[in-house]
2 protein chains.
Amino acid sequence: MQPTKTDRALPLALLRARETVMSPIRKVLKDHDVTDQQWRVLRVLHENGLMDAKELAQSSCVLAPSLTRIIKNLEEKTMLTRRADGKDGRRVLLQILPLGAQLIESVTPEVQVVYQGLNDKYGTQKMSDLLDLLHDVVELS
Amino acid sequence: MQPTKTDRALPLALLRARETVMSPIRKVLKDHDVTDQQWRVLRVLHENGLMDAKELAQSSCVLAPSLTRIIKNLEEKTMLTRRADGKDGRRVLLQILPLGAQLIESVTPEVQVVYQGLNDKYGTQKMSDLLDLLHDVVELS
DNA sequence: GCAAACTAATTAATATGTTAACTAAGTTTT
DNA sequence: AAAACTTAGTTAACATATTAATTAGTTTGC
C-alpha cells in the first residue's frame with residue numbers, strides 16, 4: 001500500500017496550520033515569560049473557575065504528567081492555588097489567583113491583535129467553517 | 001478585552017483535532033517502536049529522496065535541534081544515512097535506507113486502516129474541505 | 001582578498017510530550 | 001468488613017519543543 005502524500009496527510013496538515021498560527025502568538029507569550037501550555041492552562045482556569053486537575057488537563061489539552069509540572073511551576077509564581085478536595089481525597093482543586101488573572105488580562109489584548117490580523121487575512125466565514133470542521137473531528141472520538 | 005472562549009480558539013481547536021487523529025495512530029507507531037516525529041521524518045524522506053536537513057525539517061514540521069537528535073537516533077538504527085554535501089560543507093544530506101523504507105511500507109497499511117476509518121466516519125468531502133482550509137491557513141505565513 | 005554578514009547545523013538549557021509504573025483514595029464484590 | 005477493582009495524581013525515563021548560543025562554512029562588500 002502506498003503512503004498518503006505527506007501534504008494531504010491530516011496530522012501533518014493540522015500541525016503545519018497550528019505552527020502557522022502559534023508562531024506569532026508564541027512570540028507575544030515569550031515576552032511575558034509564559035509558555036503556550038501555561039497560557040492554555042491559565043486561560044481555561046480563568047474561564048471556568050475552580051476545577052480539578054483532570055478537567056483542567058482535558059480542557060487545556062495537556063497530559064496529566066505535564067500538568068503536574070506546570071501546576072508546580074505556576075504555583076511557585078503564585079499564579080494559581082492548589083488544594084486537596086475535601087470530599088474526594090484523590091482530587092486536586094485548582095483556582096487561578098489575581099496574578100494569574102492579571103497576566104491573562106494584560107496579554108490577551110496583544111494576542112487578540114494577532115488573531116484579528118489572522119482573521120482579516122483568512123476571512124471570518126472561512127474561519128468559522130474551519131472551527132466547525134475541527135470541532136466535528138473531535139466529535140469522532 | 002475579553003479572551004476568546006477557549007472552545008473557539010483556533011490553536012486549541014487544532015490541537016484537539018490533532019490529538020483525536022493521532023491518538024490511534026500513535027498506538028500503531030508505538031507497536032513498531034517509532035515516535036510520530038520519527039515517522040514524519042522517515043515518510044517525508046521516503047517521499048522526496050535525497051534532502052538536506054533544512055528541507056527535511058521544514059517538510060516534516062520538526063525543529064532543527066530535534067531533527068539533529070532524531071537523525072542521530074535513526075542513523076544508529078540504520079534507517080537512514082547522513083553525509084556532508086560536497087558543494088556546501090555546511091549542509092548535511094539525508095537519504096532513507098532499505099530498513100527505513102521497509103518500516104514505512106510495513107507500517108503504512110496499518111496507519112491507512114485508521115485513516116480510512118476516520119475518513120468513513122467523517123466524510124470524504126468534509127475531509128477534503130478541511131484539508132483545503134488547513135492548507136489555506138499555512139498560506140497565510 | 002579579506003573582514004563582515006550570513007547560513008546550516010549542532011549544542012545547551014529548560015519545558016513539555018509520551019508511556020509506564022507507582023501511590024493513595026475511593027468504589028465494588030463477596 | 002476485607003479483598004479486588006477502579007480512579008486521580010504523581011513520579012520516572014526517555015523523546016521532543018523551544019529559544020539562545022555556538023561552530024563551521026559561505027557569501028558579500030569594500
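Throughout, protein chains are lettered first and strands after them, A, B, ... in sequence-line order, and every chain is numbered starting at 1. A quick note: this is a predicted structure, and the numbers were derived from the prediction, not measured.
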Going by an N to O cut-off under 4.0 Å, is there a salt bridge joining [X] and [Y]?
X	Y	result
B/Arg16	A/Glu139	no
A/Asp88	A/Arg91	yes
A/Lys87	A/Asp85	no

Nearest-neighbour nucleotide for the B/Ala53 side chain, D/dG9, D/dT26, C/dA9 considered: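 For the B/Ala53 side chain, the nearest candidate turns out to be C/dA9.
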A/Glu105 side chain to A/Gln102 backbone, donor-acceptor under 3.5 Å: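 Checking the backbone N and O of A/Gln102 against the side chain of A/Glu105, no donor-acceptor pair under 3.5 Å is found.
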Whole Å only: how far is the [atom1] atom of [X] from the [atom2] atom of [N]?
X	N	atom1	atom2	result
A/Leu29	C/dT16	CG	P	12 Å
B/Gln38	D/dC14	CD	P	15 Å
B/Gln58	C/dA8	CD	C1'	11 Å
B/His32	C/dT18	NE2	P	19 Å
A/Leu42	C/dA15	CG	P	15 Å
A/Met51	D/dG9	CE	P	11 Å
A/Asn73	C/dT16	CG	P	6 Å
B/Asp52	C/dT7	CG	P	14 Å

Nearest heavy-atom neighbours spanning A/Leu12 and A/Thr6: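 Heavy atoms only, the tightest pair is CD2-O, 3.6 Å.
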Non-hydrogen atoms of A/Leu99 and A/Thr78 that approach each other most closely: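 Closest heavy-atom pair between A/Leu99 and A/Thr78: CD2-OG1, 3.3 Å.
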Toward the 5' end of DNA chain C, by each residue's nearest nucleotide, B/Leu15 or B/Leu67: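 Nearer the 5' end of the strand: B/Leu67.
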Quiz item: B/Arg90 side-chain donor-acceptor pair to D/dT26 base, under 3.5 Å: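 When only heavy-atom distances are counted, B/Arg90 does not reach the base of D/dT26 through any donor-acceptor pair under 3.5 Å.
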Presence of B/Arg91 side-chain N/O under 4.0 Å of C/dA8 phosphate oxygens OP1/OP2: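 Result: yes.
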B/Gln37 vs D/dA17: side-chain N/O to OP1/OP2 distance below 4.0 Å: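 Yes, B/Gln37 has a side-chain N/O under 4.0 Å of OP1/OP2 on D/dA17.
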Passing option when B/Met51 is tested against B/Glu47, B/Glu55, B/Lys54 for side-chain contact (heavy atoms from CB on, under 4.5 Å):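 The side-chain contact (heavy atoms from CB on, under 4.5 Å) with B/Met51 is passed solely by B/Glu55 among B/Glu47, B/Glu55, B/Lys54.
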Derivation of the side-chain contact (heavy atoms from CB on, under 4.5 Å) call for A/Arg8 and B/Ser128: CA-CA 9 Å; A/Arg8 294 300 283 181; B/Ser128 180; 3.8 Å; yes
Residues within residues 74-87 of chain B bordering DNA chain C, heavy-atom distance below 4.0 Å: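 Within residues 74-87 of chain B, the residues near DNA chain C are B/Arg82.
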Do any N or O atoms of the protein come closer than 3.5 Å to N or O atoms of nucleotides 18-22 of chain D, and which pairs are they?
{"from": "D/dT18", "atom 1": "OP1", "to": "A/Arg26", "atom 2": "NH1", "distance (Å)": "2.7"}
{"from": "D/dT18", "atom 1": "OP1", "to": "A/Arg26", "atom 2": "NH2", "distance (Å)": "3.0"}

A/Leu74 CG to A/Leu97 CG distance, which is reported to the nearest 0.5 Å: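 Between atom CG of A/Leu74 and atom CG of A/Leu97 there are 10.0 Å.
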